[in-house]
2 protein chains.
Amino acid sequence: MPLPKPTPSELDILRVLWRHGPATVRAVHEQLGGGYTTYLKLLQIMAEKGLVTRTEADRAHIYRAVPSEHEVQTSLLGDLMQRAFGGSAAQLALRALETRRSSREELAQLRAMLDNYEQELTAPAGAMDDTTDQSKENKA
Amino acid sequence: MPLPKPTPSELDILRVLWRHGPATVRAVHEQLGGGYTTYLKLLQIMAEKGLVTRTEADRAHIYRAVPSEHEVQTSLLGDLMQRAFGGSAAQLALRALETRRSSREELAQLRAMLDNYEQELTAPAGAMDDTTDQSKENKA
DNA sequence: GACTCTCTACGAAGATCTTCGTTGACACTA
DNA sequence: TAGTGTCAACGAAGATCTTCGTAGAGAGTC
């Protein structure tokens with residue numbers, strides 16, 4: 001296994017690191033409240049697990065998230081998909097949309113992705129003329 | 001809080017109960033393998049938490065799932081949505097679809113749901129002729 | 001040099017989850 | 001009636017997560 005799934009608290013910390021970039025224990029603690037040493041300990045554990053790396057600048061250590069937000073989202077979602085949706089991504093997506101309203105742009109984005117998929121289903125690998133070129137839109 | 005979120009093992013058990021209907025400890029154990037008393041204990045705990053109810057038929061107790069699969073999916077998904085997707089259902093759905101291929105029917109279902117939502121966005125509450133009547137489909 | 005601040009490191013305590021071994025009740029049978 | 005099986009109840013052990021208290025190192029200040 002590449003990296004362990006972050007626990008809820010670890011995810012909170014990762015979210016801070018993703019938003020603010022590399023940070024000291026103090027910075028994380030100030031974002032999240034609670035005891036300072038709680039976050040120190042958590043970051044130490046996360047470093048052991050490989051979820052963050054740290055470098056020593058001056059006296060305080062600087063922690064950086066190792067997995068990207070995208071990776072973690074994919075991992076957690078894949079997990080839930082298996083455990084609660086019998087592996088069906090579409091069932092999961094359906095249920096997600098059912099729950100909350102979304103913005104018009106998000107819906108448009110979803111629709112574009114659906115168009116993409118249906119096209120791939122219709123004209124599978126190869127045999128493309130021009131439209132399937134959208135496949136190069138996969139993000140970094 | 002209505003019902004606690006099931007833990008991973010508890011979810012395994014709920015899935016058995018959803019698929020097979022009410023069952024004894026032995027039936028659950030036979031579906032999932034492992035130690036018999038493990039499932040006995042888990043089911044006792046789940047009964048305390050309110051995730052299952054039990055009735056005594058003959059000697060063995062019969063356990064029934066309390067929350068529906070739908071409810072649990074919604075709950076787990078809402079949780080993940082908050083914790084890892086900043087509350088955005090569409091972002092979550094997008095990421096889910098990105099991960100795995102889905103069947104043509106599932107995609108069609110999704111598309112229908114999107115059509116629905118965009119229609120609601122365009123012509124919000126009230127001012128309906130017929131289509132928006134689907135709003136009465138809210139589950140029990 | 002003694003005080004004070006800011007760090008990291010260590011370890012422990014409490015909560016929850018998971019897994020089972022053991023015990024005792026009850027019923028069936030030889 | 002003694003033996004065998006099936007069942008629920010109980011408790012305990014180990015793992016993981018979360019939260020901090022305490023200690024000790026290093027730097028700056030009076």
Side-chain angles (χ1 to χ4, degrees), chain A residues 1 3-17 20 22-65 67 72 75-76 79-80 82-84, chain B residues 1 3-17 20 22-65 67 72 75-76 79-80 82-84:
Chain A
M1 195 188 301
L3 278 183
K5 266 189 327 141
T7 66
S9 304
E10 289 171 347
L11 183 55
D12 288 341
I13 291 180
L14 285 176
R15 279 163 67 77
V16 169
L17 297 180
H20 293 64
T24 60
V25 174
R26 180 147 306 276
V28 169
H29 155 250
E30 274 162 8
Q31 280 297 310
L32 297 174
Y36 174 89
T37 52
T38 298
Y39 294 102
L40 173 62
K41 182 62 156 188
L42 280 171
L43 280 163
Q44 286 170 348
I45 292 172
M46 289 170 78
E48 277 172 28
K49 291 183 180 176
L51 287 171
V52 297
T53 56
R54 67 180 192 185
T55 58
E56 317 202 1
D58 223 350
R59 294 230 292 126
H61 295 175
I62 309 274
Y63 291 85
R64 286 158 216 275
V72 169
S75 153
L76 294 176
D79 203 68
L80 187 60
Q82 283 313 310
R83 295 196 297 104
Chain B
M1 195 187 304
L3 277 183
K5 267 190 324 142
T7 67
S9 305
E10 289 171 348
L11 182 55
D12 288 342
I13 292 179
L14 285 176
R15 278 162 68 76
V16 169
L17 297 180
H20 294 63
T24 60
V25 174
R26 178 147 309 274
V28 170
H29 156 250
E30 274 161 9
Q31 280 296 311
L32 296 174
Y36 172 89
T37 51
T38 298
Y39 294 102
L40 172 62
K41 182 63 156 185
L42 280 171
L43 281 163
Q44 284 170 349
I45 292 173
M46 289 170 76
E48 277 172 27
K49 291 183 181 175
L51 288 171
V52 297
T53 57
R54 68 182 191 182
T55 58
E56 317 201 1
D58 223 351
R59 293 232 291 127
H61 295 176
I62 308 274
Y63 290 87
R64 288 157 214 274
V72 170
S75 153
L76 293 176
D79 202 68
L80 187 59
Q82 282 314 311
R83 295 195 301 101

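So that the names make sense, note that chain A is the first sequence line, chain B the second, and so on, each numbered from 1.
Across the protein-nucleic acid pair, Leu43(B) atom CG and dA9(D) atom C1' stand 14 Å apart, rounded to whole Å. Rounded to whole Å, atom P of dT16(D) lies 17 Å from atom CE of Met46(A). If you take CD of Glu48(A) and C1' of dC10(C), they are 12 Å apart, rounded to a whole angstrom. Atom CG of Leu51(B) and atom P of dT18(C) are 12 Å apart (whole Å). Taking atom OH of Tyr39(A) as the reference point, atom P of dC20(D) lies 8 Å away to the nearest angstrom. To the nearest angstrom, P of dC7(C) lies 14 Å from CZ of Arg54(A). For Ile45(B) and dC20(C), the CD1 to P distance is 14 Å, given to the nearest whole Å. The NZ atom of Lys41(B) sits 16 Å away from the P atom of dT22(C) (whole-angstrom rounding).
Checking side-chain atoms of Thr37(B) against main-chain N and O of Leu40(B) turns up no donor-acceptor pair under 3.5 Å. A distance-only check finds no donor-acceptor pair linking the side chain of Tyr63(B) to the backbone of Gln44(B) [under 3.5 Å].
Put simply, the side chain of Met46(A) does not reach to within 4.5 Å of the side chain of Leu17(A), judged on heavy atoms.
With values rounded to the nearest 0.5 angstrom, Leu43(B) atom CG is found 11.0 Å from Thr38(B) atom OG1.
Ring geometry, Tyr36(B) versus His29(B): the interplanar angle exceeds 60°, so the pair is classed perpendicular (tilted spans 30 to 60°).
Ranked by how close their nearest DNA chain D nucleotide is to the 5' end, His61(B) and Lys49(A) are led by His61(B).
Using a 4.0 Å heavy-atom distance criterion, Ser9(B) is classed as a sugar-phosphate-only contact. Heavy atoms of Thr38(B) sit under 4.0 angstrom from at least one base atom.
Side-chain proximity of Leu40(B) to dT8(C), dG11(D), dA8(D): nearest is dA8(D).
Put simply, Arg59(B) has no side-chain N or O that comes within less than 4.0 Å of OP1 or OP2 on dC28(C). Within the structure, every side-chain polar atom (N or O) of Lys5(B) is placed at least 4.0 Å from both OP1 and OP2 of dT16(C). The side chain of Gln44(A) places an N or O atom within less than 4.0 Å of a non-bridging phosphate oxygen (OP1 or OP2) of dA9(C). Taking side-chain N and O atoms only, Thr7(B) has a distance below 4.0 Å to OP1 or OP2 of dT18(C). Remark: Tyr36(B) is not in phosphate contact with dT6(D), judged by side-chain N or O atoms under 4.0 Å from OP1 or OP2. Remark: Thr37(A) is not in phosphate contact with dT8(C), judged by side-chain N or O atoms under 4.0 Å from OP1 or OP2.
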